[in-house]
Amino acid sequence: MKSEVEVLIYSILSAIPRGRVTSYGQVAAFAKLPRSARLIGRVLRHLPPETTLPWHRVLRADGKIAFPPDSHNYRRQKRLLEREGVEVSRGKVDLRIFGWQGS
DNA sequence: GGGCTGACTTTTC
DNA sequence: AGAAAAGCCAGCC
């Protein structure tokens with residue numbers, strides 16, 4: 001049974017275009033849930049591994065991947081990002097590609 | 001119910 | 001630039 005916020009977050013995620021990224025806090029703010037960045041992470045956590053949602057386009061506010069660099073998830077996210085042309089150097093992406101919808 | 005935990009963020013050293 | 005600290009908010013014992 002999916003809650004309202006889950007569905008809302010899903011729709012926001014799917015709206016992030018290829019080659020762009022955003023942060024947990026940004027998604028939260030966009031969902032009208034300020035101060036709830038951790039909520040986003042919690043929702044993504046329960047996402048099935050075979051999801052088609054672009055969860056990998058969500059990074060921390062400083063542009064770094066939210067996983068420890070030696071973890072499996074870290075490598076998976078990095079691979080997915082680079083597959084769509086996003087450069088990840090030293091665990092970080094260029095902050096200029098943050099945000100979406102114009103700007 | 002109270003305390004702990006974390007796919008977070010911001011401020012302060 | 002990197003680390004520590006404090007804020008934040010739900011879910012889970």
Side-chain angles (χ1 to χ4, degrees):
Chain A
M1 149 112 203
K2 289 199 276 286
S3 69
E4 284 292 321
V5 283
E6 282 180 276
V7 180
L8 178 57
I9 291 172
Y10 292 165
S11 67
I12 294 174
L13 273 186
S14 57
I16 306 173
R18 275 177 57 97
R20 280 263 159 153
V21 298
T22 186
S23 72
Y24 296 90
Q26 228 174 313
V27 173
F30 206 83
K32 308 264 169 40
L33 297 168
R35 259 96 278 112
S36 295
R38 296 194 111 124
L39 175 62
I40 312 302
R42 200 173 311 115
V43 170
L44 295 194
R45 185 92 189 102
H46 300 121
L47 226 47
E50 59 275 8
T51 183
T52 60
L53 287 172
W55 58 269
H56 54 279
R57 300 184 193 150
V58 184
L59 308 170
R60 293 204 308 216
D62 57 2
K64 289 204 292 193
I65 292 178
F67 298 108
D70 53 348
S71 67
H72 177 261
N73 276 333
Y74 172 93
R75 283 187 285 273
R76 179 156 72 131
Q77 183 165 16
K78 174 174 168 163
R79 177 167 45 79
L80 286 169
L81 284 171
E82 289 176 339
R83 196 172 68 182
E84 49 187 65
V86 176
E87 181 190 353
V88 183
S89 73
R90 290 199 321 274
K92 290 196 285 193
V93 306
D94 194 322
L95 294 177
R96 286 174 303 182
I97 67 173
F98 263 69
W100 75 109
Q101 296 203 343
S103 172

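What you see is a predicted model; the values in this text were computed from it and never measured. Letters A, B, ... are given to chains in the order of the sequence lines, protein chains preceding strands, and every chain is numbered from 1.
- With a 4.5 Å cut-off on side-chain heavy atoms, A:Ile65 and A:Lys78 count as touching.
- By the 30° and 60° cut-offs, the orientation of the rings of A:Phe30 relative to A:Trp100 is tilted.
- Note that OG1 of A:Thr51 is 14.0 Å distant from NE2 of A:His46, once rounded to the nearest 0.5 Å.
- Summarising the base pairing, C:dC8 is matched to no nucleotide, lacking a Watson-Crick or G-U wobble pair whose two defining distances lie under 3.5 Å.
- The local environment of CZ in A:Arg35 is sparse, with at most 12 non-hydrogen atoms from other residues, nucleotides or ligands closer than 6.0 Å.
- The phosphate of C:dC8 has neither OP1 nor OP2 within less than 4.0 Å of any side-chain N or O from A:Ser36.
- One atom, CD of A:Glu4, and another, P of C:dA10, lie 15 Å apart when rounded to the nearest Å.
- Using a 4.0 Å heavy-atom criterion, one finds that A:Arg60 contacts the sugar-phosphate atoms exclusively.
- Taking the side chain of A:Ala37 as heavy atoms from C-beta on, and the options B:dT9, B:dA7, B:dG6, the nearest nucleotide is B:dT9.
- In the model, A:Glu84 has a side-chain atom that pairs as donor or acceptor with a side-chain atom of A:His56 under 3.5 Å.
- In this structure, A:His46 places its NE2 atom 13 Å from P of B:dG6, rounding to the nearest Å.
- If you check every strand for non-hydrogen atoms under 4.0 Å, A:Arg35 touches sugar and phosphate atoms only.
- In this structure, A:Leu95 atom CG and B:dT9 atom C1' are separated by 14 Å, rounded to whole Å.
- At whole-Å resolution of the value, CZ in A:Arg90 and C1' in C:dG2 are 12 Å apart.
- Taking atom CG on A:Leu44 and atom C1' on B:dG6, their separation rounds to 13 Å, with Å as the unit.
- At a cut-off of 3.5 angstrom, the base of C:dG11 holds no donor-acceptor pair with the side chain of A:Arg42.
- In this structure, the CD1 atom of A:Ile65 is 18 Å from the C1' atom of B:dT9, given to the nearest Å.
- We find that CG of A:Leu39 is positioned 16 Å from C1' of C:dG7, with the value rounded to whole Å.
- Here B:dC4 presents its P atom at 15 Å from CZ of A:Arg38, a figure rounded to the nearest Å.
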